[in-house]
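The residues of the chain are indexed from 1 along the displayed sequence. Remember, it's a predicted structure, so these values are computed and weren't measured experimentally.
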Amino acid sequence: MNITYIYHSSFLIETSTCYYLFDYFRKRLPNLDPEKPIFVFASHFHQDHYNKKVFDLLKQQGMKHIHAVLSKDISKRNYPDAAEIEITRVTFHQHYELPGKTELETLHSTDSGVAFLLTCPEGTIYHAGDLNDWVWKGEPEQENRQMTGSYRHEIQLLAGKTVDVAFLPLDPRQEKYYAEGMRYFLEKVDVKAVYPMHYWGEPEIIDRFLSEYPEYRHIVKHTELGYV
């Protein structure tokens, strides 16, 4: 798999047979092979995770086979206009068979929409969307405890699975709690490579994490700002 960071929570994965594009928000896409199918995943409706302009960008590149996988909370008013684009609507805790020997399982986000667990012939890919341990300074202790419990329940559903590539939030806005979600995931899931995301243009948060948790240096990759 060839992985390209686009922006924020958006990544492009190229396999030998297709592309997988997750949570496009903005910025330029790399040049694509128009003969390869592309799956466009959107985990939820938030504007920093879904922008239907992506379908126009793909059409401009001459992409012939586009399949959109959209969380159910995305309004049909914001679906792509082109009738030839196939759309699969997804909700949480479901299993879907997609073309090209691609299987999809969904988790329930602690914010909105879903997280994606994708299995294809070249490996297993996890994209969290906004599934994270969203604990915040100043919030009621009970709400923070409930958040942590909900997050951990979802991650426990991945127990026993091997994930080749995971894309996980690492949000500096959470201040001292910024690493809680990623740390728990790394403790509980057999994962080979993790790419931090959702860090709002502050990649130094990755350096902070690697400094505070050096035991994960061989797993956590420092996302490169390509194609900005």
Using the side-chain contact (heavy atoms from CB on, under 4.5 Å) rule, take Lys221 and Val194 through it: C-alpha gap first, then chi angles, then the decisive distance, then the call. CA-CA 6 Å; Lys221 311 298 180 181; Val194 169; over 6 Å; no

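- Taking the six-membered ring where the residue is Trp, Phe185 and Tyr126 present parallel rings, their angle staying beneath 30° rather than reaching 60°.
- In this structure a side-chain-to-backbone donor-acceptor pair under 3.5 Å is present from Asp164 to Thr124.
- With values rounded to the nearest 0.5 angstrom, Leu107 atom CG is found 6.0 Å from Leu157 atom CG.
- When all heavy atoms of Ile155 and Lys188 are compared, the pair lying nearest together is CG2-CB, 4.3 Å.
- When all heavy atoms of Pro196 and Phe11 are compared, the closest pair comes out as O-CZ, 3.9 Å.
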CA sep, side-chain torsions, deciding dist, call: Met197, Leu168, side-chain contact (heavy atoms from CB on, under 4.5 Å): CA-CA 6 Å; Met197 64 179 188; Leu168 305 177; 5.7 Å; no

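- The side-chain tip of Lys36 points at the ring of Tyr19 from less than 6.0 angstrom away and within 45° of straight on.
- Judged by distance alone, the side chain of Asp190 and the main-chain N or O of Val163 form no donor-acceptor pair under 3.5 Å.
- How far CD of Glu187 is from CZ of Arg152: 7.5 Å, rounded to the nearest 0.5 Å.
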Check the pair Lys52, Ile74 against side-chain contact (heavy atoms from CB on, under 4.5 Å), reporting the backbone distance first and the verdict last. CA-CA 10 Å; Lys52 79 172 191 175; Ile74 295 173; over 6 Å; no

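- With hydrophobic clusters built from ILVMFWY side chains whose heavy atoms lie under 4.5 angstrom apart, Trp200 does not share a cluster with Tyr24.
- Looking only at side-chain heavy atoms (C-beta outward), Leu104 and Thr102 stay at 4.5 Å or farther from each other.
- Atom CD of Glu97 is surrounded by more than 12 heavy atoms from other residues, nucleotides or ligands within 6.0 Å.
- Val114 and Ile13 fall within a single hydrophobic cluster, where Ile, Leu, Val, Met, Phe, Trp and Tyr are joined by side-chain heavy atoms under 4.5 Å apart, directly or via other members.
- Here the side chains of Leu32 and Met63 are in contact, with some heavy-atom distance below 4.5 Å.
- Using a 4.5 Å cut-off on side-chain heavy atoms (C-beta onward), Cys120 and Lys101 make no contact.
- Tyr184 and Ile206 end up in the same hydrophobic cluster when Ile, Leu, Val, Met, Phe, Trp and Tyr side chains are linked at under 4.5 Å.
- The main-chain N or O of Ala115 is never found under 3.5 Å from a side-chain atom of Ser109 such that the two would form a donor-acceptor pair.
- Of the possible polar contacts, none joining the Tyr178 side chain to the Gly181 backbone as a donor-acceptor pair under 3.5 Å is found.
- By the rule that hydrophobic residues join a cluster once side-chain heavy atoms approach within less than 4.5 Å of another member, Tyr177 and Tyr199 end up as members of separate clusters.
- Leu58 has its side chain within reach of Val40: a pair of non-hydrogen atoms, C-beta onward, lies under 4.5 Å apart.
- Remark: Glu84 pairs with Lys59 by the salt bridge (charged side-chain N to carboxylate O under 4.0 Å, His left out) rule, at least two apart or across chains.
- A salt bridge between Asp133 and Arg183 is absent, with no side-chain N of the basic residue lying under 4.0 Å from a carboxylate O of the acidic one.
- When every heavy atom of Leu118 is checked against every heavy atom of Phe41, the shortest pair comes out as CD1-CZ, 3.8 Å.
- The shortest non-hydrogen separation linking Ser43 to Ser71 is O-CB, 3.1 Å.
- Residues Trp136 and Arg173 are in side-chain contact: their nearest non-hydrogen atoms beyond the backbone lie under 4.5 Å apart.
- Rounding to the nearest 0.5 Å gives a distance of 12.0 Å between CG of Asp111 and OG of Ser150.
- No more than 12 heavy atoms of other residues, nucleotides or ligands sit less than 6.0 Å from atom NZ of Lys72.
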Test side-chain contact (heavy atoms from CB on, under 4.5 Å) on Gln174 and Asn132; report intermediate values, then the result. CA-CA 11 Å; Gln174 289 186 271; Asn132 189 31; 3.2 Å; yes

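- Salt-bridge check for Arg208 with Glu204: failed, with every basic side-chain N at 4.0 Å or more from each acidic carboxylate O.
- Between Leu117 and Lys161 the shortest side-chain heavy-atom distance falls below 4.5 Å.
- Taken from CG in Leu158 to CD in Glu105, the straight-line distance is 8.5 Å, to the nearest 0.5 Å.
- Ring planes of His93 and His153: perpendicular class, angle over 60° (limits at 30 and 60°).
- Considering only residues two or more places apart in sequence or on other chains, Glu143 meets the salt bridge (charged side-chain N to carboxylate O under 4.0 Å, His left out) condition with none of them.
- Salt bridge annotation for Glu139-Arg145: absent, with no cationic side-chain nitrogen under 4.0 angstrom from a carboxylate oxygen.
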Should Tyr151 and Gln156 be marked as a side chain to side chain donor-acceptor pair (under 3.5 Å) after you check the CA-CA gap, both sets of side-chain angles, and the distance that decides it? CA-CA 9 Å; Tyr151 174 73; Gln156 287 288 350; over 6 Å; no

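- Ring geometry, His46 versus His44: the interplanar angle exceeds 60°, so the pair is classed perpendicular (tilted spans 30 to 60°).
- Formation of a donor-acceptor pair under 3.5 Å by the Ser10 side chain with backbone atoms of Ile6 is not found in this model.
- The nearest pair of heavy atoms linking His108 to Gly113 is CD2-O, 4.0 Å.
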The test is ring pair (Phe, Tyr, Trp, His ring centres under 6.0 Å); show your working for Tyr50 and Phe45 and say whether it passes. CA-CA 6 Å; Tyr50 178 65; Phe45 75 96; 9.8 Å; no

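- Note that CD of Gln61 and CG of Asp56 are 12.5 Å apart. Values are rounded to the nearest 0.5 Å.
- In this structure, the ring of His127 has its center no less than 6.0 angstrom from the ring center of His49.
- Scanning both residues, Thr110 and Asp130, for their nearest heavy atoms gives OG1-O, 3.6 Å.
- Contact of the Arg89 side chain with the Tyr79 side chain is registered, since non-hydrogen atoms from C-beta on lie closer than 4.5 Å.
- Other residues, nucleotides and ligands place more than 12 heavy atoms under 6.0 Å from the CD atom of Glu215.
- Atoms CH2 and CE, on Trp134 and Met147 in that order, are 9.0 Å from each other to the nearest 0.5 Å.
- Aromatic ring orientation, Phe22 versus Tyr20: tilted (interplanar angle from 30° to 60°).
- By the 4.5 Å heavy-atom criterion applied to side chains, Thr88 and Leu98 are counted as neighbours.
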